[in-house]
Amino acid sequence: MQCNNAMEPNEILVLLKTPPAERPALFARANKVRKENMGDEVFLRGIIEFSNICANKCAYCGIRAPNTKVRRYRMSDDEILEVAKRMPEWGQTTIVLQSGEANSVEENKRIGKIVARIKKETSLAVTLSCGNRTKDVYAYWRGCGMDRYLLRFETSDPELFSKLHPDCTLEERLQCLRSLRDVGAQVGSGFMIGVPGETLEILARNIQICCEFDLDMIGIGPFIPHPDTPLAGTLNAYHDDTDMYFVAVAVLRIVNPDAHIPATTAFDAVFPGHEGRNLVLQRGANVFMPNNTPKAYRGDYLLYPDKPCVDEDTGDCSLCILGRLNLLGREVGTGPGHTRKKR
Ligand code: 5AD
Ligand code: FES
């Protein structure tokens, strides 16, 4: 794996330290890099949060296993298929199936079967986002037709990673990304911006790792403290300068010119009224992930508070985003929206 844009961490750091008065120019540069490398198309990847059952205890996450306030659910295969079949008419060419980390032989088989069914019964590209697994399981899913996988490394600092994740090490997480690459999946990863304890040096390294892993897709979003987690009451590292969230995306784009970068949902939690994601689309992002989870389950998949679109139903976000793209002067991406990387 190699860096597609040999930028040193200290160069990245300089960009991250862009003074507020010069940030509009940084955002414009990121937007230009996005336009030149990815065009004006915005790829729509509809996400179904098909299960919130999770065995892990990630310190930041609202659906962590010890949170007994959460009503646990798992959608049936037919429920998932029903949504999947409607996606092409909404302009969505990729389905993202996300869940908590429930690693059992049975669950892994169920996931493989649903991937195979979606590939057989629809034209969708399939992305999974279900956590850490062995290379064998990833290979099995790839054989079932999985095109891509999303697994954020969350932070590049091994100690901070361990504090946040009692269930695994940074090295194990990074090994998962290598395994995914080995089995031929397109690899998406990313991190949270501003977890407590993050420094600008760590943020710079986060961005550089994305480059080193030559990621096909990079999703980043602000850390938001959840009241029912050990990080309740903590503050985002950039809470007094929330424009840093956008600076992070802009620098990410400049350093990773041809990666798919989504405008992630957490931005709308911090900047409501769809302001956050609209701005990210104008400061480097070229992907949007409409929430396709049926309304009955949305309120039970709150990784962080103030998650947007919780009162909307399947299909609502798909229409909403079409209107928003129109206003932003952007087009809906056509074709499967595979990686732009030439390997
Ligand atoms: N704040 C922001 N992002 C969060 N995620 C989970 N919990 C939070 C939180 N409290 C993000 C993680 C994970 C993704 C699915 O959601 O980065 O990888
Ligand atoms: Fe969900 Fe607008 S994107 S309502």
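Order of listing sets the numbers, starting from 1, for every ligand and every atom in it. All residue numbers refer to positions in the sequence shown, counting from 1.
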Do the side-chain N and O atoms of Asn291 and Thr293 include a donor-acceptor pair separated by under 3.5 angstrom? yes

Using a 4.0 Å cut-off to any heavy atom of Cys309, which atoms of ligand 2 qualify? 1 (Fe), 3 (S), 4 (S)

Consider only side-chain N and O atoms of His260 and Asn286, and report whether a donor and an acceptor are under 3.5 Å apart. yes

With a cut-off of 2.8 Å, does His274 place any N/O/S atom under that distance from atom 1 (Fe) of ligand 2? no

Contacting atoms of ligand 2, where contact means under 4.0 angstrom from a heavy atom of Arg277: 3 (S)

Output yes when Asp167 and Arg173 qualify as a salt bridge under the 4.0 Å nitrogen-oxygen rule, no when they do not. no

After noting the C-alpha distance and the side-chain angles of Tyr304 and Tyr60, does the key distance pass the ring pair (Phe, Tyr, Trp, His ring centres under 6.0 Å) rule? CA-CA 8 Å; Tyr304 45 83; Tyr60 46 82; over 10 Å; no

How are the rings of Phe153 and Phe191 set to each other: parallel, tilted or perpendicular (split at 30° and 60°)? tilted

Under a 3.5 Å threshold, I'd like every N/O contact between ligand 1 and protein atoms, with atom names and distance.
{"unit_1": "ligand 1", "atom_1": "1 (N)", "unit_2": "Ile224", "atom_2": "N", "d": "2.9"}
{"unit_1": "ligand 1", "atom_1": "1 (N)", "unit_2": "Ile224", "atom_2": "O", "d": "3.4"}
{"unit_1": "ligand 1", "atom_1": "10 (N)", "unit_2": "Tyr60", "atom_2": "O", "d": "3.0"}
{"unit_1": "ligand 1", "atom_1": "10 (N)", "unit_2": "Ile224", "atom_2": "O", "d": "2.7"}
{"unit_1": "ligand 1", "atom_1": "17 (O)", "unit_2": "Arg152", "atom_2": "NH1", "d": "2.8"}
{"unit_1": "ligand 1", "atom_1": "17 (O)", "unit_2": "Glu154", "atom_2": "OE1", "d": "2.6"}
{"unit_1": "ligand 1", "atom_1": "17 (O)", "unit_2": "Glu154", "atom_2": "OE2", "d": "3.3"}
{"unit_1": "ligand 1", "atom_1": "18 (O)", "unit_2": "Glu154", "atom_2": "OE2", "d": "2.5"}

I need the single residue from Lys341, Lys342, Arg340, Arg253 that forms a salt bridge (charged side-chain N to carboxylate O under 4.0 Å, His left out) with Asp258. Which is it? Lys341

Would the number of heavy atoms belonging to other residues, nucleotides or ligands and lying under 6.0 Å from NZ of Lys163 be above 12? no

For Glu312, the ligand 2 atoms with a heavy-atom partner under 4.0 Å come out as 4 (S)

Would one find an N, O or S atom of Cys317, in either backbone or side chain, under 2.8 Å from atom 1 (Fe) of ligand 2? yes

Any luck finding a side-chain donor-acceptor pair between Asn206 and Ser156 under 3.5 Å? yes

Which residue holds the protein heavy atom closest to atom 3 (S) of ligand 2, what is that atom called, and what is the gap in Å? Arg324 NH1, 3.2 Å

Do you see a donor-acceptor pair shorter than 3.5 Å between the side chains of Asn108 and Arg133? yes

